[in-house]
Amino acid sequence: MPTQRGFVEAIEIGRAGQAVASVLHGDGSRADYTISDLDADPERFNERLSKLGLLRDAMDRAEPVEIEFATDGDLAGDIMRVRRLTRDALARPQSTQVARGNVIGVAAHLRHHPDSPAEAADQVIIGMLVGDNVERFIINMQVPERGVAQTMVDMARAAQSSGSVLSVTYDQQQRIIVAMEIGEGGRGSIGNEPDIFAGFVETIAHGPSSDLMMVSLTTAPPFSDDGNVVTLAPFDPDVRQLMVMRGAPEYALFEAALRDTLRVEVFANDRGGRDNEEGGDNDDVIRDEVASDMRGTDAEISFRARATDNAASEVPSHTMNRAQLVRGAKLMAPLCSASRPVWIQVNRHALDVGPDGECAEGLPSSDLRPRGLREMELPYSAEWTGIGCFNHGVYRFELGTGIEFGITVDGEELCLHDGEDGEGRFGHACLDGEHEVRVMFPNWKCSETFDMDVYRIR
């Protein structure tokens with residue numbers, strides 16, 4: 001009789017005691033198999049219930065089954081034999097070894113397939129820098145104690161994020177991790193404080209192994225204050241080389257940053273335990289050498305290639321040795337904000353200082369001292385002007401002031417609406433790119449407060 005392997009998707013009990021199991025085969029096809037007449041023939045009652053129990057347990061654990069079924073006559077599709085297969089790692093390792101190093105990345109691999117000769121368990125690959133070599137270790141997610149496997153993954157991610165040294169005990173043949181420990185700092189540790197910098201991804205290239213990637217990033221000025229302000233100070237862009245595992249969450253962010261030319265913020269550290277000949281820190285030396293490599297001849301930098309779906313070039317080993325280890329990454333929206341514009345020029349001199357000649361000479365006062373517009377609260381015409389870069393969308397301009405005002409965008413006046421609660425007035429515009437915004441007050445007073453908010457609503 002023919003057999004089929006697959007995953008049980010649903011079990012249904014119908015009239016006349018017939019059970020129907022819907023099975024997803026390894027090739028993507030689906031079929032229904034039956035257990036006939038659960039209520040009849042008491043001699044085979046336990047057999048039929050046992051088949052139903054195996055199918056139910058396999059569905060609950062998402063484990064594959066092997067079904068032998070009839071194909072002739074009225075019995076076509078009837079289950080003759082059912083075998084439940086496990087993907088759990090049950091065998092104990094024969095020989096183990098301990099490795100100690102820094103975590104480069106954590107990648108998960110889904111390997112559900114009922115037709116494989118030996119049922120493959122889902123795996124998490126841990127990339128570690130052990131000495132000068134990059135090695136990979138496996139966490140088997142289909143162990144009897146699922147919580148232990150998940151805890152190991154969390155520990156590996158925590159070690160990467162904190163920069164701590166990770167010690168793993170693994171099977172020498174299959175490289176499956178059986179024990180894990182987060183070590184203390186010291187020689188070989190990359191420290192607790194990460195180097196935080198932002199920039200733009202220039203290239204992604206292969207390392208010596210297929211899943212080790214080298215990311216070249218050009219730094220950008222840091223933001224300050226809540227408004228993400230870039231200070232007017234000289235900044236010298238630097239080239240950083242980063243080491244990351246393909247399949248790790250950080251790699252996906254770097255790939256998106258390269259594809260969409262987005263700014264990314266990186267938390268990284270230089271490889272620990274590398275002192276110069278005089279015993280001091282050689283971080284600056286490493287960075288200078290990396291920058292020198294990146295400014296070399298075409299032949300020297302020919303290894304760099306812009307990332308595509310599955311193509312990249314391999315980097316030389318000396319560049320890999322100078323690369324920093326990535327502990328985390330944060331991808332930013334276009335203009336570093338999806339909802340706010342970036343103001344590149346703002347002029348509010350008229351609101352804060354007033355028109356030229358603050359003191360109006362000759363105005364009467366009790367002590368014959370001339371008073372200015374700010375002291376006498378005389379209204380005057382003023383405007384706020386800003387040039388901003390906007391992501392494509394519909395923007396709302398909201399002002400909470402109680403005095404009369406008007407708003408123009410590139411010379412076009414906006415229609416203003418009163419708020420539902422009677423506070424504030426609103427204007428809307430569909431913007432994309434660089435625009436000039438003017439807010440005009442025909443009767444502004446120095447004691448008034450200018451409070452405008454601009455945000456994207458669609």
query = Can any side-chain N or O of D171 pair as donor or acceptor with the backbone N or O of V178 at less than 3.5 Å?
reply = no
request  = Could you pull out the closest heavy-atom pair between S337 and R340, with the gap in Å?
outcome  = OG-N, 3.0 Å
request  = Kindly say whether E436 contributes a backbone atom to a donor-acceptor pair with the side chain of D410 at under 3.5 angstrom?
outcome  = yes
inquiry  = Strictly distance-based, threshold 3.5 Å: is any side-chain N or O of R456 a donor or acceptor partner for the main-chain N or O of H392?
reply    = yes
key: Closest heavy-atom pair and its distance - F197, L217   = CE1-CD2, 3.8 Å
message = Parallel, tilted or perpendicular: which one describes the rings of F390 and Y395, with boundaries at 30° and 60°?
response = perpendicular
remark   = So CG of L49 and CG of L54: to nearest 0.5 Å the spacing works out to 11.0 Å
query = Among side-chain atoms of Q172 and S95, is any donor-acceptor pair under 3.5 angstrom?
reply = yes
message = Does R81, at its CZ atom, have more than 12 non-hydrogen atoms belonging to other residues, nucleotides or ligands within less than 6.0 Å?
response = yes
Between E202 and T218: side-chain donor-acceptor atoms closer than 3.5 Å = yes
message = Tell me if a side-chain donor or acceptor on S167 pairs with a main-chain N or O of R100 at a distance below 3.5 Å.
response = no
ask   = Which heavy atom in N391 sits nearest to a heavy atom in D432, and how many Å separate them?
value = C-OD1, 4.2 Å
key: Residue pair E250, R327: steps toward the salt bridge (charged side-chain N to carboxylate O under 4.0 Å, His left out) verdict   = CA-CA 8 Å; E250 295 83 6; R327 290 171 54 175; over 6 Å; no
task = State whether the number of non-hydrogen atoms from other residues, nucleotides or ligands found under 6.0 Å of D60 atom CG is greater than 12.
result = yes
